[in-house]
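The basis for the numbers below is simple: all heavy atoms, side chains too, and nothing from hydrogens, waters or symmetry mates. We name chains A, B, ... by the order of the sequence lines, and we start the count at 1 in each one.
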Amino acid sequence: MNKFYVTTAIDYANGLPHVGHSFEKVGADVIARYRRLRGDDVRFAIGMDEHGQNVLREAERQGIEPGAWVDDIASKWQATWQRLGLSNTDFVRTTSASHVRAVQELVRRIQAAGDIYLDRYEGYYCERCEAFRKESELVDGKCPLHPSRDISWTEEQNYFFRLSNYTEPLLDHIAAHPEFIQPDSRRNEILRLLEGGLDDISASRSRVPWGVPFPDTEGHTVYVWFDALPNYLSVLGYPEDGYEAWWPADLHVIGKDITRFHCVIWPAMLMSAGLPLPATVWAHGFVMIGGGKLSKSEAERIDLGRLVDRHGPDAFRFILMREAPWDSDRDFPSVESFLQQFDDRYQADLANDLGNLLNRTVAMIGKYRDGRVSGGQDTELENACRAALDAYHQHMESMQLHAALEDVMTIVRRSNAWVDSRAPWALARDPAAADELDEVLGALVRALARISVALAPFMPDKADEIWKRLGGAGSPPPFDELGERWPALVPESSEGVLFPRIETPRD
RNA sequence: GGCAGGGUAGCUCAGCUGGCAGAGCGGGGGACUCAUAAGCCCUAGGUCGCGGGUUCGAAUCCCGCCCCUGCCA
């Protein structure tokens, strides 16, 4: 059994999750579930980034202890992920004792490698960004990202990380492992960045008390990114024995805005500490409105909780992954069109095409064959299913998740067309056509069984339900076993429909 | 300012080693009836961002410009 260790970015504890966060988590969950269905032993870690000036400030604003504040935030994020059906095996928090210990150990190793030195830093410091800004970057004397706030000239002693030592090693690694950064466009960006050479970066802060104490010194905390990135190791128990069974990660799923940290700083830290590098960093795109990132007010108007409740978590997952490509951005003209498209996709794909296919199939088998069919192998439909599933696997392997869903919908459409072209209702009136009727209906059961397995990573609960309505027991089997484990071909007549149509106008 | 990607049917996008403009959704029409008034079949005539150029022929190659997004400065 292969191990497969996948992570997502940990989320910053100064706000609540919106649809953009859910995109990353659901996508990673789809991958994790797919790997399990391929027979891998999967570890899937998500979590919270809970240190830093902004978290501290927000807690103070609320008038509560930072520890209590992050506990509250973390429980809310976890509730959201649970509602979405994430199959994560771990939930890491950077304020946990085990994480703090792991960060300190990693910093010590980097120190032992000679890659940490103390130096004086002077510059403009933006507290919002928790970063220094060069004078040339300032706009009207303010941080370009936070023009409403004053920016102050600061001098402090900082520990620095010799990132500049790793320009060549990183270039070499990427050249030897082109799959290290994906998609290609992101790799190109990082290559250009590296070709320009790297500067050393500061690895500590002396003015941010809410953080991991810098080891073996007073008054310094570990810089937020040096604190956050090692979560991928700390969650495995590093430096205690046992983490080696899972490390290096097979896949870091992140947003395209933080590639620098994951494709440059993180691997350089690992190299310095003498640890192996993750196999792949995958930078997904964003859900955008009106050509730009989701603004706070747009995110509020979309309202993740209400969206999930609208058609249920499985439908939400399906629609999200079908609408937004996993390797690039998806832009909606407006919040209204996003919500409209969300419903339209539900109605067209899930209610009309898939739900109705299941319903009509089960109904016909009950009505014409007393709920019992056999046969249906080696039909035209079966061949179409095999071809579409081959494409599905190729797309899943290359993480074209949206394209894989298109492959599933191809099977659904083919099946619906098959019904009409073979007209089972006409065959049912002709006693001589009993065998042909059996073949047609059997082929539909087999097609739907394949659909349920292929959809399982995207809609785990609905896939189970499809499987059960076909007369299968439990959950759809792993891909390898589908050949032997067809459903009983005795669909039970069940009440209600899988995906009810939207009958009333949207409110 | 530098670099990368993009601007194609109402919407989202595919096509881009040059050769009759495509898909899905929405919209319109038709035949059927097992089904969630769903499905199936037919139908989209869009200056392929703008202006030049190469070519027998360009959405597809080259040059210039405009706009959008991202990374860097």
Side-chain angles (χ1 to χ4, degrees), chain A residues 133-139 144 181 183-199 255-261 263-264 283-293 311 319 322-325 327-334 336-369 373 400 402-403 405-410 412-429 437 440-441 444 448 469 491 493-503:
Chain A
R133 294 255 161 254
K134 293 180 183 173
E135 187 157 11
S136 62
E137 292 180 79
L138 301 186
V139 176
I181 306 173
D184 294 350
S185 53
R186 303 300 155 205
R187 178 168 58 247
N188 291 337
E189 282 178 5
I190 294 299
L191 281 173
R192 285 195 304 281
L193 178 72
L194 290 172
E195 282 156 7
L198 297 172
D199 295 328
K256 63 177 184 176
D257 53 337
I258 51 175
T259 49
R260 261 181 67 204
F261 301 99
C263 303
V264 177
H284 64 77
F286 293 130
V287 174
M288 306 202 297
I289 300 287
K293 280 181 190 168
H311 308 299
I319 297 165
R322 180 133 162 80
E323 284 297 323
D327 59 352
S328 62
D329 297 331
R330 171 65 151 92
D331 188 20
F332 295 88
S334 64
E336 289 68 31
S337 79
F338 172 90
L339 296 173
Q340 185 62 51
Q341 186 64 25
F342 186 85
D343 278 359
D344 286 350
R345 182 58 75 185
Y346 171 83
Q347 188 86 315
D349 282 4
L350 295 181
N352 293 350
D353 285 356
L354 174 59
N356 185 49
L357 172 65
L358 178 67
N359 209 34
R360 69 199 302 210
T361 299
V362 171
M364 283 190 286
I365 293 172
K367 188 175 290 188
Y368 301 148
R369 307 297 301 169
V373 291
Q400 305 293 306
H402 55 295
L405 279 181
E406 178 63 30
D407 297 325
V408 176
M409 289 311 297
T410 297
V412 173
R413 289 194 202 100
R414 288 291 200 118
S415 301
N416 272 320
W418 167 262
V419 174
D420 285 78
S421 70
R422 302 298 295 266
W425 49 90
L427 298 174
R429 288 185 222 111
L437 179 58
V440 170
L441 297 178
L444 287 171
L448 277 161
R469 289 191 185 203
S493 58
S494 36
E495 297 299 313
V497 295
L498 212 55
F499 300 105
R501 277 174 59 82
I502 305 166
E503 301 293 358

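With sequence neighbours left out, the side-chain contact (heavy atoms from CB on, under 4.5 Å) criterion links A/Arg414 to A/Leu381, A/Ala384, A/Thr410. Scanning for side-chain contact (heavy atoms from CB on, under 4.5 Å) contacts around A/Asp331 gives A/Met288, with sequence neighbours left out. The side-chain contact (heavy atoms from CB on, under 4.5 Å) test applied to A/Ser334 returns A/Glu336, A/Ser337, not counting sequence neighbours. Not counting sequence neighbours, the partners of A/Arg413 by the salt bridge (charged side-chain N to carboxylate O under 4.0 Å, His left out) test are A/Glu406. In this view, A/Phe261 and A/Trp225 satisfy the ring pair (Phe, Tyr, Trp, His ring centres under 6.0 Å) rule, not counting sequence neighbours. For A/Ala348, there are no side-chain contact (heavy atoms from CB on, under 4.5 Å) partners two or more places apart in sequence or in a different chain. Scored by the salt bridge (charged side-chain N to carboxylate O under 4.0 Å, His left out) test, A/Glu323 finds A/Arg330, A/Arg345 as partners (sequence neighbours excluded).
Residues from residues 183-192 of chain A placing a heavy atom under 4.0 Å of any atom in RNA chain B, listed by number, are A/Arg186, A/Glu189, A/Arg192.
Stem regions for RNA chain B, each three or more consecutive Watson-Crick or G-U pairs with both distances under 3.5 Å and listed by first number, read B:1-7 with B:66-72, B:10-13 with B:22-25, B:27-30 with B:40-43, B:49-53 with B:61-65.
When atom types are taken as modelled, the side chain of A/Asp353 and the backbone of A/Met409 share no donor-acceptor pair closer than 3.5 angstrom.
Residue A/Asn352 places none of its side-chain N or O atoms closer than 4.0 Å to OP1 or OP2 of B/U36. Look at A/Lys367 and you'll find a side-chain N or O under 4.0 angstrom from OP1 or OP2 of B/A35. Side-chain nitrogen and oxygen atoms of A/Arg413 include none within less than 4.0 Å of the OP1 or OP2 phosphate oxygen of B/G39.
Nucleic acid contact for A/Asp349: none, since no nucleic acid atom lies under 4.0 Å from a heavy atom of the residue. A/Ala351 comes within 4.0 angstrom of a nucleotide base, judged by non-hydrogen atoms across all strands.
For A/Arg322, taking side-chain heavy atoms from C-beta onward, the closest of the listed nucleotides B/A38, B/C34, B/G24 is B/G24.
Nearest approach of A/Leu405 to A/Arg322, heavy atoms of both residues: CD1-N, 3.7 Å.
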Pull out every protein N or O sitting under 3.5 Å from an N or O of nucleotides 29-32 of chain B, one pair per line with the distance.
none

Where do N or O atoms of nucleotides 6-13 of chain B meet protein N or O atoms at under 3.5 Å, pair by pair?
{"unit_1": "B/U12", "atom_1": "O2'", "unit_2": "A/Arg330", "atom_2": "NE", "d": "3.3"}

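Annotation: ring pair (Phe, Tyr, Trp, His ring centres under 6.0 Å) contacts involving residues 341-360 of chain A, sequence neighbours excluded, comprise A/His311-A/Phe342, A/His311-A/Tyr346.
Each of A/Phe286 and A/Ala348 has a nearest nucleotide on RNA chain B; the 5'-most of these lies closest to A/Ala348. In this structure, A/Arg260 and A/Val412 both approach RNA chain B, and ranking their closest nucleotides by distance from the 5' end singles out A/Val412.
In summary, A/Arg186 and A/Glu189 engage in a salt bridge, as defined by a charged side-chain N under 4.0 Å from a carboxylate O.
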